[in-house]
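Structure, as structure tokens:
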Amino acid sequence: MNDSSYEKLNQLLKLYPHAWGKRRLRRDGKGRFLRYFEDCRALIHENLRQVLQQEARYEEAVPHAILAETYSCRIDNRIYAYLKKKWDGKEKPERPDLYTEWKNFRTLKELNVDFEEFPELKSTESLLQALRKTALLPMLQSYAQKLSHDFKKSDSEVIADVQQILQKL
């Protein structure tokens, strides 16, 4: 295995701390949510999955696949929950800096966004096929659904949880 690639990617994760446990989402001056760190973490986990998968270390790659595939759900759920609490049932604000948030919420609500759907976990499914553990896919999808609403769970906790699920078969 190319251990240097794996180690370098893990070092990159330290540069982009996750903010799940923080009470407030950080925003810039125009009311846009700063997703940069979370997007970077998702990309790094996707690269970790690819490195491990290329080396046929499928079981080690599964947790990174789930993290990569659920990060965007976690971000979207968190933003929607924040916007709903703040703007549900309220009229258009007069202040232009708040209008963007209000409009984003209205757009999401009009689209009938269903945040309760199971994440698809396509990369995870292909890894489970390589491991001959496809029976675990529904269990991992259920875990990923809960994870997409859990803003406090760290990546290391997710990796430990997924490793325990993989040991069930």
Side-chain angles (χ1 to χ4, degrees), residues 1-27 33-85 108 111-169:
M1 154 136 193
N2 189 350
D3 285 325
S4 65
S5 298
Y6 184 77
E7 289 304 316
K8 285 178 184 175
L9 287 166
N10 272 310
Q11 290 296 323
L12 277 175
L13 279 174
K14 293 177 184 174
L15 296 176
Y16 302 106
H18 65 83
W20 303 129
K22 295 186 179 171
R23 293 181 72 189
R24 292 185 179 179
L25 292 171
R26 290 177 298 139
R27 296 179 290 138
F33 292 97
L34 298 176
R35 298 171 48 151
Y36 180 73
F37 289 147
E38 288 81 1
D39 288 341
C40 288
R41 290 185 72 80
L43 183 61
I44 293 168
H45 280 295
E46 176 61 18
N47 286 321
L48 281 165
R49 177 198 63 80
Q50 290 173 357
V51 166
L52 291 166
Q53 191 169 349
Q54 287 172 356
E55 297 294 324
R57 293 170 63 177
Y58 305 121
E59 195 159 315
E60 292 175 64
V62 170
H64 296 289
I66 289 175
L67 281 164
E69 293 178 309
T70 58
Y71 251 102
S72 62
C73 278
R74 289 170 95 181
I75 295 164
D76 292 342
N77 280 331
R78 190 167 181 196
I79 290 172
Y80 185 73
Y82 170 84
L83 291 172
K84 184 175 181 179
K85 184 176 179 182
L108 285 172
L111 291 173
N112 294 319
V113 176
D114 185 5
F115 290 111
E116 298 302 320
E117 291 179 3
F118 283 126
E120 288 188 26
L121 301 184
K122 290 182 181 179
S123 298
T124 303
E125 185 175 10
S126 66
L127 287 166
L128 290 174
Q129 287 172 354
L131 287 167
R132 295 182 177 89
K133 293 187 175 188
T134 53
L136 289 177
L137 183 61
M139 192 179 299
L140 287 169
Q141 283 178 319
S142 178
Y143 177 79
Q145 182 186 25
K146 291 175 190 161
L147 179 63
S148 68
H149 296 280
D150 186 348
F151 311 131
K152 294 186 179 181
K153 192 163 281 226
S154 69
D155 294 356
S156 58
E157 290 174 301
V158 171
I159 291 169
D161 290 348
V162 172
Q163 287 171 341
Q164 284 182 336
I165 292 170
L166 290 174
Q167 300 308 315
K168 293 193 179 201
L169 277 185

Please assess Glu157 against Ser154 for the test side-chain hydrogen bond (donor to acceptor under 3.5 Å, both in side chains), listing each intermediate value before the final yes or no. CA-CA 5 Å; Glu157 290 174 301; Ser154 69; 3.2 Å; yes
Minimum side-chain heavy-atom gap Arg41-Asp155 below 4.5 Å: yes
Side chains of Arg49 and Thr124, heavy atoms from C-beta outward: is any pair under 4.5 Å? no
Any heavy-atom pair between the side chains of Leu136 and Leu131 that's under 4.5 Å? no
Compare all side-chain heavy atoms of Glu59 with those of Lys133 and state whether any distance is below 4.5 angstrom. yes
About how many Å separate CG of Leu9 and CD of Glu46, when rounded to the nearest 0.5 Å? 11.0 Å
How far does CG of Leu128 sit from CG of Leu121, to the nearest 0.5 angstrom? 9.0 Å
Atom pair OG (Ser148) and OH (Tyr71), whose distance is rounded to the nearest 0.5 Å: 13.5 Å
Out of curiosity, Lys153 NZ to Leu67 CG, how far, rounded to the nearest 0.5 Å? 10.5 Å
Sub-4.5 Å side-chain heavy-atom contact between Gln50 and Ser123: no
Ionic contact status for Lys122 with Glu120, cut-off 4.0 Å: yes
Does Asp150 form a side-chain hydrogen bond (donor to acceptor under 3.5 Å, both in side chains) with Tyr143? I'd like the steps, not just the answer. CA-CA 10 Å; Asp150 186 348; Tyr143 177 79; over 6 Å; no
Going from CD on Gln163 to CD1 on Ile159, what distance comes out if it is rounded to the nearest 0.5 angstrom? 7.0 Å
Does some side-chain heavy atom of Asp161 sit less than 4.5 Å from a side-chain heavy atom of Leu147? no
After noting the C-alpha distance and the side-chain angles of His64 and Asn47, does the key distance pass the side-chain hydrogen bond (donor to acceptor under 3.5 Å, both in side chains) rule? CA-CA 9 Å; His64 296 289; Asn47 286 321; over 6 Å; no
Any side-chain heavy atom of Leu52 sitting closer than 4.5 Å to one from Val62? no
Roughly how far apart are His45 NE2 and Cys40 SG, rounded to 0.5 Å? 11.5 Å
